[in-house]
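Side chains included, hydrogens not; waters and symmetry mates left out as well; all remaining heavy atoms used.
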Amino acid sequence: MHLRKRILVTGGSGFLGSHLCARLLAEGHEVICVDNFFSSARANVEDLMDDKRFELIRHDVTFPLYVEVDEIYNLACPASPIHYQHDPVQTIKTCVHGAINMLGLAKRVGARIYQASTSEVYGDPEVHPQPESYWGHVNPIGIRSCYDEGKRCAEALFFSYRRQAGLPIKVGRIFNTYGPKMHPNDGRVVSNFIVQALKGEPITIYGDGSQTRSFCYVDDLVECMLRFMASREDFIGPMNMGNPGEFTILELAEKIVALTGSGSRIVREPLPADDPKQRRPDISLARRELGWEPQTPLDAGLEKTIAYFDGLLRQGLI
Ligand code: NAD
Ligand code: UDP
Ligand code: UDP
């Protein structure tokens, strides 16, 4: 028999946040979703609005927030390079002031708090695959630094609040995750390639396409978040969360062309600065501590994501 909790999800109308809110409601909890709609639309959580246990608040986490909750998932932050680079100062404020405010809130109400950290804390990694013990290789002044260093500072804040105030923290480093409800225009590789393929437009590969990423389906990631939050109090991370299957960007493009049956051709565009050359999580810690393992193979996850974007296209929404 599990207790109904009141749970705050910041960035709750975003891609991951909207899936997390839906899952928490399905588990029987009350959910307060906080979002300033910087990189998402209310439409992502429209299907949850009729549920009396769901509350949506328009709020920017860089400002203090006073609510009474049992748990906090701090996801608020633009996540795609074009969104986080659009207003880099705001990205840093969201990472840093947002973390301070949510930690202050957690301290006042005694809530467990999960931080959505990222594989970007490893930068352009020289250790492969990346274990949690790796300190990373980050350009502190490059175009990605607003996000990378913002997230690194947030981790420092979480561990400092832990040391100083004994807060029950959970820091999880999320690797590239994809699925339905990704923003069609946020420039991330999976959404870009699928939308391009469905529209018959050229597939834009940046650089030679030999850079690698490891793609996790959203349902697997949300399961990992819930298990992490429920884990023993002294297991605080940092913990990698992702799917260790590694693919080159060219392989991803070819897969999406095949799965959509698209006639799109592949074109090359310049590689953005500081684009990591390789990325793959070492998930031994999550396996050992949570018994967690991604269940969705890339092809199966891509098929569901393609069906989602195909639906948007048919409704004239993209
Ligand atoms: P997203 O952009 O879809 O969601 C982020 C949400 O945060 C959006 O709804 C946005 O409007 C909101 N937001 C931004 N700034 C805010 C602010 N100041 N106040 C309140 N709300 C604000 O991105 P996502 O993929 O759902 O990512 C969610 C979290 O997970 C982010 O913290 C991101 O850094 C992290 N993450 C995601 C991935 C991934 O592959 N999706 C990988 C690593 C880390
Ligand atoms: N804070 C908040 N909600 C709360 C409690 C605190 O937003 O319920 C904010 C508060 O505005 C403060 C920040 O969290 O700026 C950090 O709080 P903390 O108690 O750690 O620091 P202090 O208030 O002593 O600066
Ligand atoms: N990418 C690409 N074409 C696109 C979008 C992205 O080749 O249309 C590449 C990008 O350069 C990077 C990888 O795909 O090497 C993943 O990019 P994304 O923005 O999804 O995430 P991140 O770089 O933050 O992992």
Side-chain angles (χ1 to χ4, degrees), residues 7 9-27 29 31 33 35 39-48 54 73-81 83-84 114-120 170 172-195 198 213-230 239-247 252 255-256 259-260 279-281 283 286-287 290 292-312 318:
I7 302 175
V9 179
T10 76
S13 92
F15 160 52
L16 295 179
S18 57
H19 286 272
L20 177 61
C21 288
R23 174 74 193 272
L24 292 171
L25 288 171
E27 298 279 322
H29 301 297
V31 174
C33 168
D35 208 293
S39 55
S40 68
R42 194 187 284 268
N44 271 353
V45 287
E46 224 145 51
D47 52 337
L48 309 179
F54 181 74
Y73 290 85
N74 187 36
L75 272 57
C77 184
S80 81
H83 277 149
Y84 69 66
Y114 165 80
Q115 166 65 3
S117 191
T118 168
S119 52
E120 286 286 323
K170 305 274 176 191
R173 295 175 176 158
I174 304 170
F175 284 63
N176 297 61
T177 302
Y178 69 98
K181 297 192 178 180
M182 289 182 92
H183 197 297
N185 298 323
D186 75 5
R188 283 189 262 197
V189 67
V190 173
S191 44
N192 263 14
F193 285 2
I194 291 179
V195 172
L198 289 174
R213 292 293 185 275
S214 302
F215 301 99
C216 185
Y217 188 64
V218 60
D219 290 354
D220 288 333
L221 203 277
V222 168
E223 173 67 24
C224 187
M225 279 186 186
L226 262 66
R227 288 194 192 194
F228 192 18
M229 188 60 110
M239 183 191 75
N240 289 339
M241 313 168 78
N243 189 322
E246 184 182 4
F247 298 86
L252 179 73
K255 216 176 237 310
I256 289 174
L259 288 170
T260 52
R279 181 181 290 157
R280 172 186 187 169
I283 60 164
R287 275 198 189 107
L290 308 179
W292 174 80
E293 185 92 42
Q295 301 296 320
T296 317
L298 184 57
D299 281 42
L302 285 177
E303 273 170 12
K304 292 184 191 178
T305 314
I306 289 166
Y308 168 76
F309 282 112
D310 194 42
L312 293 186
I318 55 172

How about [X] and [Y]: do any of their side-chain heavy atoms sit closer than 4.5 Å?
X	Y	result
V218	L16	yes
S39	S80	no
P294	L221	no
L24	V31	yes
Y217	L302	no

Legend entry - Partner set under side chain to side chain donor-acceptor pair (under 3.5 Å) for D35, not counting sequence neighbours: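 Here the qualifying residues are S13.
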Looking only at non-hydrogen atoms, find the nearest pair between [X] and [Y] and report the distance.
X	Y	value
D310	L198	N-CD1, 3.6 Å
V45	S18	CG1-CB, 3.9 Å
N176	S119	OD1-OG, 4.4 Å
P244	P281	CB-O, 3.8 Å
M182	F309	O-CZ, 3.6 Å
S214	N243	CB-O, 3.0 Å

Legend entry - Salt bridge R23-E27, side-chain N to carboxylate O under 4.0 Å: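 Judged by the 4.0 Å cut-off on N to carboxylate O distance, R23 and E27 do form a salt bridge.
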Legend entry - Derivation and outcome, side chain to side chain contact (heavy atoms under 4.5 Å, CB included), residues T177 and F215: CA-CA 6 Å; T177 302; F215 301 99; over 6 Å; no
Of all residues at least two apart in sequence or in a different chain, which pass the salt bridge (Lys or Arg N to Asp or Glu O under 4.0 Å) check with [X]?
X	result
R227	E223
K304	none
E293	R287
E246	R280

Nearest 0.5 Å, please: how far is [atom2] in [Y] from [atom1] in [X]?
X	Y	atom1	atom2	value
M241	I174	CE	CD1	5.5 Å
F54	C21	CZ	SG	5.0 Å
L20	M225	CG	CE	5.5 Å
S117	K170	OG	NZ	15.5 Å
N240	F175	CG	CZ	4.0 Å
F15	Y178	CZ	OH	9.0 Å

Legend entry - Donor-acceptor under 3.5 Å (H19 side chain, P180 main chain):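 Yes, because the side chain of H19 sits within donor-acceptor range (under 3.5 Å) of the backbone of P180.
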Legend entry - Test item: K181 side-chain N/O and N44 main-chain N/O as donor-acceptor pair under 3.5 Å: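 It does hold such a pair.
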Inset, instruction - Report the C-alpha distance between K255 and L298 in whole Å, list the side-chain angles of each, state the deciding distance to 0.1 Å, and finish with yes or no for side chain to side chain contact (heavy atoms under 4.5 Å, CB included). - result: CA-CA 9 Å; K255 216 176 237 310; L298 184 57; 3.8 Å; yes
Inset, instruction - Please determine, by modelled atom types, if Q295 and D220 share a side-chain donor-acceptor pair under 3.5 angstrom. - result: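 Result is no, nothing qualifies.
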Inset, instruction - Ignoring hydrogens and angles, state whether a donor on the side chain of N74 or T10 is under 3.5 Å from an acceptor on the partner side chain. - result: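 Their side chains do contain a donor-acceptor pair, which is all the 3.5 Å distance test asks for.
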Inset, instruction - Specify whether Y114 and Y73 have parallel, tilted or perpendicular ring planes, treating 30° as the upper limit for parallel and 60° as the lower limit for perpendicular. - result: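 Because their plane-to-plane angle lies in the 30° to 60° range, the rings of Y114 and Y73 count as tilted.
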Name every donor-acceptor pair, under 3.5 Å, that has one atom in a side chain of residues 187-194 and the other anywhere in the protein, sequence neighbours excluded.
{"residue": "R188", "atom": "NE", "partner": "D186", "partner atom": "OD2", "Å": "3.0"}
{"residue": "R188", "atom": "NH2", "partner": "D186", "partner atom": "OD2", "Å": "3.0"}
{"residue": "S191", "atom": "OG", "partner": "R188", "partner atom": "O", "Å": "3.2"}

